[in-house]
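One structure is given below, encoded as structure tokens.
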Amino acid sequence: MQNTTTNVIAICLAAALLFVAPLVALTERNDNVVQENVELLVNEFVTEVQNTGVLTQAKYQSLENSLAATGNTYNVEMEIQYLDENPGKKTTQANYTKIGENVYYSEYTSQILKKLGVGEESTNNDSKILLKEGDRIVVNVKNTNTTQAQTLKGSLLSFTNAGQYTISASSTGMINVNGK
């Protein structure tokens, strides 16, 4: 009887491993694919703003819609660093050079979204922020929900991933042209 009980437990354990291990691997692979997709979306967004010098409400909404299509929820943080050139100049016989340092001042997500009219009931759908050459844009995206892989591993291994982001992307770019 002892041998039969051991065999039944071994068979149940093997069956569970046969189904659970591939399921965990599948959900982790899904997280990896979503991670790559989010990185691509964020890089494309920053590159588009970098090459046009214009951040529009439509571009931002497109980024949010594309991120939502992955099936997760995200926190999008943006920062625009405006180049404030020191106007001091030293002139020497038709040749001038700027003296002093260039300084950047920043606007963050809430200020940017307010300028774009995002989150408000606004009829102005063509809101945009014009950037000049030398300005910088920084975009950070992190998932706010628990993914299937996190849930499955947490339930099997009895631990939580509180505060840990499995899907995140960051991209920074310097504006190449003056926005028009």
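We use all heavy atoms of the structure for the numbers below, so side chains are in, but hydrogens, waters and symmetry mates are not.
- Counting only heavy atoms from C-beta outward, the side chains of V49 and V54 never approach each other to under 4.5 Å.
- Nearest heavy atom pair, residue K128 against residue L116, reads CA-CD2, 3.9 Å.
- There is a path of hydrophobic side-chain contacts, each under 4.5 Å, that joins I129 to Y105.
- Looking at every heavy atom in both residues, L83 comes nearest to D135 through N-OD1, 2.7 Å.
- Of the inter-residue distances, the one linking N176 atom CG with L131 atom CG reads 11.5 Å to the nearest 0.5 angstrom.
- Looking only at distances, a side-chain donor or acceptor of S66 sits under 3.5 Å from a matching main-chain atom of S62.
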Inset, instruction - Check step by step if side chain to side chain donor-acceptor pair (under 3.5 Å) holds for N72 and N143. - result: CA-CA 7 Å; N72 294 307; N143 72 312; 5.3 Å; no
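- Hydrophobic clustering of Ile, Leu, Val, Met, Phe, Trp and Tyr side chains at less than 4.5 Å, counting indirect connections, unites V118 with V139.
- From I9, atom CD1 reaches atom CG of N7 across 9.5 Å, with rounding to the nearest 0.5 Å.
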Inset, instruction - Starting from the C-alpha separation in whole Å, work towards a yes-or-no answer on side chain to side chain contact (heavy atoms under 4.5 Å, CB included) for K142 and Y74. - result: CA-CA 5 Å; K142 297 176 184 172; Y74 297 92; over 6 Å; no
Inset, instruction - Mind running side chain to side chain contact (heavy atoms under 4.5 Å, CB included) on T52 and V177 for me, showing each step along the way? - result: CA-CA 6 Å; T52 60; V177 297; 5.5 Å; no
Inset, instruction - Applying side chain to side chain contact (heavy atoms under 4.5 Å, CB included), run through M78 and L113 and close with a yes or a no. - result: CA-CA 9 Å; M78 292 187 295; L113 295 181; 4.0 Å; yes
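- Residues L18 and L23 do not share a hydrophobic cluster, clusters being chains of Ile/Leu/Val/Met/Phe/Trp/Tyr side chains in contact below 4.5 Å.
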Inset, instruction - Give the C-alpha distance, both sets of side-chain angles, the deciding distance and a yes or no for side chain to side chain donor-acceptor pair (under 3.5 Å) between N75 and E77. - result: CA-CA 6 Å; N75 181 20; E77 296 176 359; 3.3 Å; yes
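- Annotation: the span from N37 atom CG to I167 atom CD1 amounts to 9.5 Å, rounded to 0.5 Å.
- Between L41 atom CG and L63 atom CG the span is 6.5 Å, to the nearest 0.5 Å.
- Residues S171 and N43 share a closest heavy-atom pair of OG-OD1, 3.0 Å.
- Pairing each heavy atom of I112 with each of L55, the nearest pair is CG2-CD2, 3.8 Å.
- Put simply, the side chain of N65 gets close to the backbone of Q61: a donor and an acceptor are under 3.5 Å apart.
- With respect to the salt-bridge test (charged N to carboxylate O, under 4.0 angstrom), the residues K115 and E107 qualify.
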Legend entry - Test side chain to side chain donor-acceptor pair (under 3.5 Å) applied to E79 and S106, step by step: CA-CA 7 Å; E79 177 183 1; S106 296; 2.8 Å; yes
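- The shortest heavy-atom contact between L67 and V141 is CD1-CG1, 4.0 Å.
- Atom OG1 in T73 sits 4.0 Å away from atom CG in N145 (nearest 0.5 Å).
- The hydrophobic clustering, which links ILVMFWY residues whose side-chain heavy atoms are closer than 4.5 Å, places V38 and V76 together.
- The CZ atom of F45 sits 8.0 Å away from atom NZ of K59, with the distance rounded to the nearest 0.5 Å.
- Judged by distance alone, the side chain of Q150 and the main-chain N or O of T147 form a donor-acceptor pair under 3.5 Å.
- No donor-acceptor distance shorter than 3.5 angstrom exists from the side chain of E28 to the backbone of A25, with no hydrogens or angles considered.
- Between the Q35 side chain and the S168 main chain, a donor and an acceptor come within less than 3.5 Å of each other.
- Nearest heavy-atom pair, V42 versus S170, reported as atom, atom and distance to 0.1 Å: CG1-C, 4.4 Å.
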